[in-house]
Every structure is written in C-alpha cells, then in structure tokens.
Amino acid sequence: MARGGNSKVTGRMPRPVLLLFAITGLAVLGALVWWIVTLATREDLPTAAKREGVLEIWSTTDSDRVRELLADFRRLHPGIEVVYSDLHGSDMQSAFLRAAKEKNGTADLLWSSAMDLQVKLLNDGYAMTYRSPEAPNLPDWAKWKDQAWGITAEPIVIVYNKKLVAEDQVPRSHVALRKWLEATGPNDRREVATYDPVRSAVGYLYLSQDEQASNDIWRLVRAMARNNVRLYTSAEEVLRDVSAGRVAIGYNIVGSYALDEMSKNPNIGVVLPQDYTLVMSRIAMIPSRARHPAAAKLFLDFLLSRQGQRRLAERRITPARGDIDLPPPLGTYTTPLRAIRVGPALLVSNDQLTRQHFLALWAKAIAPQ
C-alpha cells in the first residue's frame, strides 16, 4: 500500500503559507500607513510653517547672493518671516553649540560651506531626520541619512590677473601652478594668495582634500612660501587682492565667487585645474531643537526644488541637481571633478590629532625659506 493512503484533504491552507500571507499583509499595511502619514505631513507642512510664522536661517552664504532666492520663498509663503544671518563657518558652529547648550531652542536651518563642521554637528546628534520629497533629485555624494543635504556643487578654482600672468603662462593644473611658482629666481617673486587653514574652516577643508588627492601638495605649499604667499580667511579678500593686482594668483577659491568677480572685472581669469577639480557643497541641516521645524523643512524643500536651484544657478552658484541648465561659463568646463562627499568621511580631517598633525605639516611647509 502506498504511504499516505490514510491522509485527509481538509481544505486548510498550510501554516507556512498562512504565515507568509500574514507577513506580506503587515508589510503592505505598514507601507500604506507610512504613505498616508507622510502624505498628510507634507500636505500640512505649509499650514504648520505658517502657524510657526518665523524661519531663522544661519548661513555662510552672503545674504546679497541669495536675495532673489529668499524673495521667491517669501512670495510663496508670505505668512513666514524669514530671518537670515550670514556668519563664518567656525563662528556659526560656536554660536550654535552655545544655543544648543542653553536648551531654549536653536536656529531653524544651518547652511554652511564648512562641510566638515556641519557633518561634525550631525555626527554629534544635533541633526533632525527629515525625508524631503526633493532628496531623490540629488546625487548620492550630496546627501546623508535624511539629515544632511549638499545644496550646491561648486568647483574650487584658481583665479589670476591677466595683466600679471600672460595667457600662455597661466597654470592650468596644480602641478603646473607649483612649477610656475618654482620657476622664480632669487630676486623674482610671483605673488600668490590663498586661505589660511589655521584661521579658516573652509581653507583647512580644501587643503586637507588636496592632500588626499595629490602627493604633491606640500611641495606646492613650499613653492607658495618661497613666493611670499598672502594668507586670508575669506575668498573675498583673496579676490580683492587679485583684482587690484597686488597678487597674480588666488588659489583654492570657490568658483561662484570667482565667476562673479570675473563678470565685473575683465582682467580676472578663472581656471578649473585639469588634473582634478575639487567640488564643494554648502550643506544644509535642520537642528533637532529647531524652534520652527516645519518652516525649516519647507525651506529645505524649496532649496532642493528646481525653482530654488535655478535661482542659485543664476548667481553662478552651481546647483547640486543635475537637471538645471547652467549659465555660461559653468556649463562649458570639462575637467575631472572630485566631489567632497557629504558624510562621515569628513570627520577624519576634523579629528583633533589628525588636525594637529596636518597643521604641523602646514607650519613646516609654509615657514619662510
């Protein structure tokens, strides 16, 4: 007799199949609940933001460069008073930490070009998580865990004064700049200006990224020192000296500032280094203790939207989204781009021992020769 001849057909579904259906049903139900809650939250965001009535933004971007951007947001949301303060990156971080310690709430949105300082705040637990509907439009390198968003993708460039550097002598790479500086004689100096990484957060960031990209960077710094390099805390100061002819070349300058200066002064030239061009981003984050979180989320969505990103492009601030038409000459450059990724890798250069070691190398290389 064959085995199983006494078994009965009961019509019941096997237990594993029932379990599978149950799990699938719960997953579908969970996804549906998440979708409904998320949709409702997004639809209520303008109402909640209007009820808050205020949006306080701390930023390293000069207010005059985002005037049109802010005006657009105010027109869209007239019930929200926008308070915009521009600060240096390190000053912003210090002021924010003081506010966070007092526990009376903080600014609503921090937007800074000091990428490593922003990520440090995120890593220390100061960032709110928010799933922006515009985030999928950003490249992967420009976002981190729904807590930090790279709003821009700006090249770091070399600027020069055309009256002081002949066109056929313009250094078009980091190596070429180093060789150009080393070619000077004992009584000849080719003046160059750049950030002081000791006093400037972004200057430290860019130079530390240079060190990761090139084994030649300290030789370049020594060549700068040999030519009496001038050190500043802002790109504006460097550009002022290049424009005035006090120095021939400015090194590691944010492209948006350089292109603005070039549009006003025909004697200014801009080079995206052909060996590699760093790309920085102005990172936005919403603090976990923001006093007006709904307004902050609404503004972040606007920053990442096509309308907001177009406004940035109009001021030669390269947007992070890839679907925005860039005005000339932004859309004409074809050099290898090395984006500074938004994320915990930026913490390496911010480690105190790493920073001390790096600045010791800087001090040795920049010492008078």
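Predicted model only: the values in this text are computed from it and were never measured.
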*Show your reasoning for whether side chain to side chain contact (heavy atoms under 4.5 Å, CB included) applies to Tyr160 and Lys162.*
CA-CA 6 Å; Tyr160 64 97; Lys162 295 178 180 179; 3.7 Å; yes
*Go through the steps for Arg67 and Asp64 under the test salt bridge (charged side-chain N to carboxylate O under 4.0 Å, His left out), then give the verdict.*
CA-CA 5 Å; Arg67 186 178 293 112; Asp64 64 334; 5.2 Å; no
_Pair Ser132, Leu304 - check side chain to side chain contact (heavy atoms under 4.5 Å, CB included), show working._
CA-CA 9 Å; Ser132 170; Leu304 297 176; 3.9 Å; yes
*With side chain to side chain contact (heavy atoms under 4.5 Å, CB included) as the test, would you mind laying out the steps for Thr318 and Thr152 before giving the verdict?*
CA-CA 6 Å; Thr318 316; Thr152 64; 5.8 Å; no
*asked:* Please determine whether salt bridge (charged side-chain N to carboxylate O under 4.0 Å, His left out) holds for the pair Lys120 and Asp116, giving the CA-CA distance in whole Å, both sets of side-chain angles, and the decisive distance to 0.1 Å.
replied: CA-CA 6 Å; Lys120 177 68 165 60; Asp116 50 349; over 6 Å; no
*Could you check Gln209 against Leu346 for side chain to side chain contact (heavy atoms under 4.5 Å, CB included), going step by step and ending with a plain yes or no?*
CA-CA 9 Å; Gln209 292 291 316; Leu346 283 166; 4.0 Å; yes
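In this structure, a donor-acceptor pair under 3.5 Å is absent between the side chains of Thr129 and Asp146. Ser256 and Glu154 share a side-chain donor-acceptor pair at under 3.5 Å.
Looking at Pro287 and Tyr126, their side chains never come closer than 4.5 Å, going by heavy atoms from C-beta outward. Pro171 has its side chain out of reach of Arg178: every pair of non-hydrogen atoms, C-beta onward, lies at least 4.5 Å apart. In this structure, the side chains of Arg282 and Ile317 come closer than 4.5 Å at one or more pairs of heavy atoms. Two residues are said to be in side-chain contact when any heavy atoms from C-beta on lie closer than 4.5 Å; Ser349 and Phe358 fail this criterion. Residues Ser263 and Arg316 are in side-chain contact: their nearest non-hydrogen atoms beyond the backbone lie under 4.5 Å apart. By the 4.5 Å heavy-atom criterion applied to side chains, Glu191 and Leu164 are not counted as neighbours. Contact annotation: the side chain of Arg315 never approaches that of Val66 to less than 4.5 Å [non-hydrogen atoms, C-beta and beyond]. Residues Met115 and Ser281 meet the side-chain proximity criterion, which asks for heavy atoms closer than 4.5 Å.
Side-chain atoms of Gln309 come within 3.5 Å of backbone N or O of Ile151 as a donor-acceptor pair. Between the side chain of Asn267 and the backbone N or O of Lys163 there is no donor-acceptor pair closer than 3.5 Å. Judged purely by atom type and a 3.5 angstrom limit, Asp108 uses its side chain to pair as donor or acceptor with the backbone of His292. Looking only at distances, a side-chain donor or acceptor of Ser243 sits under 3.5 Å from a matching main-chain atom of Leu239. A donor-acceptor pair under 3.5 Å is absent between the side-chain atoms of Gln169 and the main chain of Ala166, judged by distance alone. Judged purely by atom type and a 3.5 angstrom limit, Ser59 uses its side chain to pair as donor or acceptor with the backbone of Trp111. Listed for the Thr60 side chain is a donor-acceptor partner under 3.5 Å among the backbone atoms of Ser113.
The only member of Ile249, Asn227, Val229 that meets side-chain contact (heavy atoms from CB on, under 4.5 Å) when paired with Leu181 is Asn227.
Residues forming a ring-ring contact (aromatic ring centres under 6.0 Å, His included) with Tyr257 (at least two apart in sequence, or on another chain): none.
Going from atom OG of Ser208 over to atom CD1 of Ile340 covers 7.5 Å, rounded to the nearest 0.5 Å. Put simply, CD1 on Ile253 and OG1 on Thr194 are 5.5 Å apart, with the number rounded to the nearest 0.5 Å. Note that CD1 of Ile366 and CG of Leu361 are 12.5 Å apart. Values are rounded to the nearest 0.5 Å. Within the model, atoms CZ of Arg246 and CG of Asn161 stand 11.0 Å from one another, a figure rounded to the nearest 0.5 Å.
In terms of hydrophobic clustering, with Ile, Leu, Val, Met, Phe, Trp and Tyr side chains grouped at heavy-atom distances under 4.5 Å, Val238 and Leu205 are assigned to a common cluster. A single hydrophobic cluster is seen to contain both Leu298 and Ile57, as judged by linkage of ILVMFWY side chains at heavy-atom distances under 4.5 Å, directly or through other members. Tyr206 and Val342 fall within a single hydrophobic cluster, where Ile, Leu, Val, Met, Phe, Trp and Tyr are joined by side-chain heavy atoms under 4.5 Å apart, directly or via other members. Two different hydrophobic clusters hold Tyr232 and Leu87 under the rule that ILVMFWY side chains link at heavy-atom gaps under 4.5 Å. In the hydrophobic cluster analysis, where Ile, Leu, Val, Met, Phe, Trp and Tyr join through side-chain heavy atoms closer than 4.5 angstrom, Leu121 is grouped apart from Ile286.
Surrounding NZ of Lys179 are at most 12 heavy atoms belonging to other residues, nucleotides or ligands under 6.0 Å away. Crowding of Asp323 atom CG: a count of heavy atoms from other residues, nucleotides or ligands under 6.0 Å exceeding 12.
The ring-ring contact (aromatic ring centres under 6.0 Å, His included) analysis of residues 59-94, with sequence neighbours excluded, yields the pairs Phe73-His77, Phe73-Phe299, Phe73-Phe302. For the side-chain hydrogen bond (donor to acceptor under 3.5 Å, both in side chains) condition, the pairs that include at least one residue of residues 135-145, sequence neighbours left out, are Glu134-Asn137.
Of the charged side-chain nitrogens involved, at least one lies within less than 4.0 Å of a carboxylate oxygen, so that Glu314 and Arg311 count as a salt-bridged pair.
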